[in-house]
Each structure stands twice: as structure tokens, then as C-alpha cells.
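What follows is one structure encoded as C-alpha cells, with my remarks underneath.
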Amino acid sequence: MEIIQKNNQPEILLVEDTPEHIEAVVAVLRENSYRIRIAKKWSAALELLNQHLPDLILLDIYMPEMDGFELCKTIKSNSAFSSIPIIFLTVKNDEDSIRKGFELGAQDYVVKPFNTSELLARVKTHIKLKQQTESLQEAKRELDSFCYTISHNLKVPLLSIDKLIECAAQ
């Protein structure tokens, strides 16, 4: 378990067990000021997720003990983690694997060896979408709270008027 950080930047969890692939991905992401946490097997990935939620997960399919498909399924089935975008980053490029990745809930699929510009564009896009979704959810919570307050503030005078009308009718 290794952590490479830069402050105030989106955090990416890289789940990869091949040192050369880790080195290549880390080099690209570090150069673009992303904070990176690395898990070399599924249990370490889940441990890191329980400690702190990343903005995005880059996930290899070929992993020891549990493959990336199973880990994706596990992550997406947990409501605490399900909103984290997952991008498969793998050498598996057959149609069945790509389809399975999307069916399990991954947001994207990048084939290794990756094109640096493509990987960065996809990472940036999915992090931005996640941030916008969170912003919209917060705005909805604020709007719900505002509507509740307005509704409550309107009910009090109306209930008073109803009571006055009842008293006047008697």
C-alpha cells in the first residue's frame, strides 16, 4: 500500500499489481497533479476505500485472488462506494470484457498500453462529472430544506387564520 499525494487535487485509487504499469500510470497522474493511492490487491483496495473515498478508481482486471470484475461488482454493490466512478485500465480488449465492465457499473474502459492524452481526458471527465453530480445533490438538499422552511412558515399563519374562523363561527 503506497500513497503519493499532492494537496488540493482530486484523488485517484489505482488498483494494479504490475510494477511497470503502476509506474507508468503514476508518472502520468503525478505530472498532472493528481493525488494517488495504490492498492496491489483487492483487499488493500477495500481497506483504502474504507479509510477515505477517492474521486475515481482506476482498476485492472487481472488481479491476484479477486479479478477486477469481481472487485468492481463488490464496490458498486456497497452504497458507501457506489458513486465512485470506475475506469477499467487493462490489457483485456475483447468485446465481451468491455461489455462486462460496463454492465458491472464501470463508467469507462481504457486499454493498455494507454494513450496518455486519452487516459487523462477520461480521468478528468469522470472526476468533473462526479463533482457536478455532488454539486447538484447538494443544491437539491438546499432546495428541499428551503421548501420545507417556506412550507412551515406559511402553515403557521394559515393555521392561525383557520382557528380564528372556527372561533368566529361558534
Side-chain angles (χ1 to χ4, degrees), residues 1-17 21-22 25-26 28-90 92-93 95-112 114-149:
M1 203 174 358
E2 182 180 342
I3 300 175
I4 302 164
Q5 292 188 339
K6 291 197 176 192
N7 292 331
N8 299 323
Q9 291 295 324
E11 182 176 289
I12 297 170
L13 173 59
L14 172 62
V15 186
E16 171 67 65
D17 64 323
H21 295 160
I22 292 170
V25 173
V26 167
V28 168
L29 296 175
R30 281 175 95 185
E31 189 175 300
N32 289 274
S33 300
Y34 288 103
R35 290 183 295 150
I36 307 154
R37 298 170 89 193
I38 300 167
K40 295 181 180 177
K41 56 185 181 176
W42 70 271
S43 56
L46 292 177
E47 185 179 319
L48 287 172
L49 283 171
N50 281 314
Q51 292 172 7
H52 179 74
L53 299 179
D55 295 292
L56 181 119
I57 299 171
L58 290 175
L59 178 58
D60 189 18
I61 292 174
Y62 293 114
M63 299 290 296
E65 300 170 19
M66 177 190 286
D67 71 19
F69 290 133
E70 282 300 310
L71 182 56
C72 180
K73 185 177 178 182
T74 300
I75 291 168
K76 291 299 182 176
S77 68
N78 183 327
S79 63
F81 309 143
S82 62
S83 67
I84 303 169
I86 294 176
I87 298 176
F88 276 108
L89 182 59
T90 184
K92 266 190 113 149
N93 64 356
E95 188 175 333
D96 289 340
S97 296
I98 294 169
R99 185 181 65 251
K100 184 175 183 180
F102 285 117
E103 287 173 354
L104 291 171
Q107 278 63 38
D108 219 329
Y109 199 101
V110 177
V111 177
K112 293 187 269 190
F114 59 87
N115 174 298
T116 300
S117 297
E118 177 187 10
L119 178 63
L120 288 171
R122 292 174 190 246
V123 163
K124 183 179 178 181
T125 296
H126 290 291
I127 288 175
K128 186 174 182 179
L129 285 170
K130 180 180 184 279
Q131 291 169 340
Q132 289 174 338
T133 299
E134 289 171 349
S135 179
L136 286 171
Q137 288 169 337
E138 178 59 28
K140 181 185 180 299
R141 280 190 291 276
E142 289 176 10
L143 181 60
D144 285 346
S145 175
F146 175 75
C147 289
Y148 174 81
T149 301

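Start at 1 with the first residue, then count along the sequence.
Remark: the backbone N or O of Ala121 is paired with a side-chain donor or acceptor of Thr125 at under 3.5 angstrom. Using a distance-only test at 3.5 Å, with no hydrogens or angles considered, no donor-acceptor pair links the side chain of Ser135 to the main chain of Gln131. Remark: the backbone N or O of Ser82 is paired with a side-chain donor or acceptor of Lys76 at under 3.5 angstrom. For the pair Asp17 (side chain) and Lys40 (backbone), a donor-acceptor distance under 3.5 Å is absent. Side-chain N or O atoms of Thr149 include one that pairs as donor or acceptor with a backbone N or O of Ser145 at under 3.5 Å. A donor-acceptor pair under 3.5 Å is absent between the side-chain atoms of Glu11 and the main chain of Gln9, judged by distance alone. When atom types are taken as modelled, the side chain of Asn78 and the backbone of Thr74 share no donor-acceptor pair closer than 3.5 angstrom.
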*Could you check Val25 against Tyr34 for side chain to side chain contact (heavy atoms under 4.5 Å, CB included), going step by step and ending with a plain yes or no?*
CA-CA 11 Å; Val25 173; Tyr34 288 103; over 6 Å; no

*Given the rule in the side chain to side chain contact (heavy atoms under 4.5 Å, CB included) test, do Glu31 and Val28 qualify, once you have shown the distances and angles that lead to the verdict?*
CA-CA 5 Å; Glu31 189 175 300; Val28 168; 5.9 Å; no

*Could you walk me through whether Val15 and Leu48 pass the side chain to side chain contact (heavy atoms under 4.5 Å, CB included) test, one step at a time?*
CA-CA 10 Å; Val15 186; Leu48 287 172; over 6 Å; no

*What's the verdict on side-chain hydrogen bond (donor to acceptor under 3.5 Å, both in side chains) for His126 and Asp108, showing C-alpha distance, side-chain angles and the deciding distance?*
CA-CA 9 Å; His126 290 291; Asp108 219 329; 2.9 Å; yes

*Let me see the working for Phe88 and Phe102 under ring-ring contact (aromatic ring centres under 6.0 Å, His included), right down to the final yes or no.*
CA-CA 9 Å; Phe88 276 108; Phe102 285 117; 8.5 Å; no

*Taking it one step at a time, do Leu59 and Leu14 satisfy side chain to side chain contact (heavy atoms under 4.5 Å, CB included)?*
CA-CA 6 Å; Leu59 178 58; Leu14 172 62; over 6 Å; no

*List the steps and the verdict of salt bridge (Lys or Arg N to Asp or Glu O under 4.0 Å) for Glu103 and Lys100.*
CA-CA 5 Å; Glu103 287 173 354; Lys100 184 175 183 180; over 6 Å; no

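The minimum heavy-atom distance linking Tyr109 with Ile87 is given by the pair N-CG2, 4.3 Å. Annotation for Cys72 and Leu104: closest pair SG-O, 3.7 Å, computed over non-hydrogen atoms. Looking at every heavy atom in both residues, Leu89 comes nearest to Lys112 through O-CE, 3.2 Å.
Interatomic distance, Leu53 CG to Phe81 CZ, rounded to the nearest 0.5 Å: 6.5 Å. Distance check: Thr90 OG1 to His21 NE2 gives 9.0 Å after rounding to the nearest 0.5 Å. In this structure, CG on Leu136 lies 10.5 Å from CD on Glu134, to the nearest 0.5 angstrom. Expressed to the nearest 0.5 Å, how far CD1 of Ile12 lies from CZ of Arg35 amounts to 10.0 Å.
For Glu95, the CD atom is loosely surrounded, since the number of other residues' heavy atoms within 6.0 Å does not exceed 12. Atom NZ of Lys130 has more than 12 neighbouring heavy atoms from other residues, nucleotides or ligands inside a 6.0 Å radius.
In this structure, the side chains of Leu56 and Pro10 stay at 4.5 Å or more apart for every pair of heavy atoms. Put simply, the side chain of Ile57 does not reach to within 4.5 Å of the side chain of Leu71, judged on heavy atoms. Looking at heavy atoms from C-beta onward, Tyr62 lies in side-chain contact with Lys92 at the 4.5 angstrom threshold. When side chains are defined from C-beta on, Pro85 does not count as touching Asp55, because their heavy atoms never get closer than 4.5 Å.
Tested against Arg122 for a side-chain contact (heavy atoms from CB on, under 4.5 Å), the candidates Asn115, Leu58, Val110, Ile127 yield a single pass: Val110.
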